[in-house]
Amino acid sequence: VHGVFVGAASVLTNGSLYGRIGTAMVCLMANHHHKPVLCCCETYKFTDESWLNSLTSNEEADPDQLLDVAHSPLADWRSMEHLTLLNMQYDLTPPDYIDMIITEVGMIPPTSVPVIIREYHLAVADH
């Protein structure tokens, strides 16, 4: 493996990547092994929001999708008083794990996301 390409549902103003669950782990491992991570994302997905975690605004799917109910020791998890399964759909990747974001305006580092957001909003406001 020479590098990693990932997609994004959104890129936040601090350069964090909001993507499908597992993206953060892949980027963390690539960073640990000194492999470049490139994110492909259009600028219309850039947002001026900033989150500290992926729990505040996330989609959940059916928890039963997480396990093979017929053969799992958790088959009757709904009857276990102190257990709740969450099937989160997205996670948040810190900008430290992203080397470049590939957009229709070129390749930019995560630190340049606020500039793109500012310039895009100015261009939209002018029209």
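What you see is a predicted model, and the numbers here were worked out from it, not measured in a lab.
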Between Ile101 and Pro110, what is the shortest heavy-atom contact and its length?
CD1-CA, 4.0 Å

OG1 on Thr43 to CD on Glu119, rounded to 0.5 Å:
12.0 Å

CG-CD1 distance between Asp91 and Ile21, expressed to the nearest 0.5 angstrom
4.5 Å

Between the side chains of Thr103 and Glu42, does any donor sit under 3.5 Å from an acceptor?
no

Look up atom NZ in Lys35 and atom NE2 in His2, then write down how far apart they are to the nearest 0.5 Å.
7.0 Å

Between Asp96 and Asn31, the two heavy atoms sitting closest are O-ND2, 3.5 Å

Would you say Leu28 ends up clustered with Val1 if hydrophobic residues are merged whenever their side chains have heavy atoms under 4.5 Å apart, either directly or through other cluster members?
no

Could you report the tightest heavy-atom contact between Thr93 and Ile98, atom names first, then the distance?
CG2-CD1, 3.9 Å

Roughly how far, to the nearest 0.5 Å, is CG of Leu17 from CG of Leu92?
8.0 Å

Identify the two heavy atoms, one from Cys27 and one from Val37, that lie closest to each other, and give their separation to 0.1 Å.
SG-CG1, 3.6 Å

Separation between NZ of Lys45 and SG of Cys40, rounded to the nearest 0.5 Å:
10.0 Å

If you look at every heavy atom in Ile117 and Phe46, which pair is closest and at what distance?
CG1-CB, 3.8 Å

Closest non-hydrogen atoms of Val113 and Gly15, given as atom of the first, atom of the second and distance, are CG2-CA, 4.2 Å

From CG (Asp48) to CZ (Arg118), nearest 0.5 Å
12.5 Å

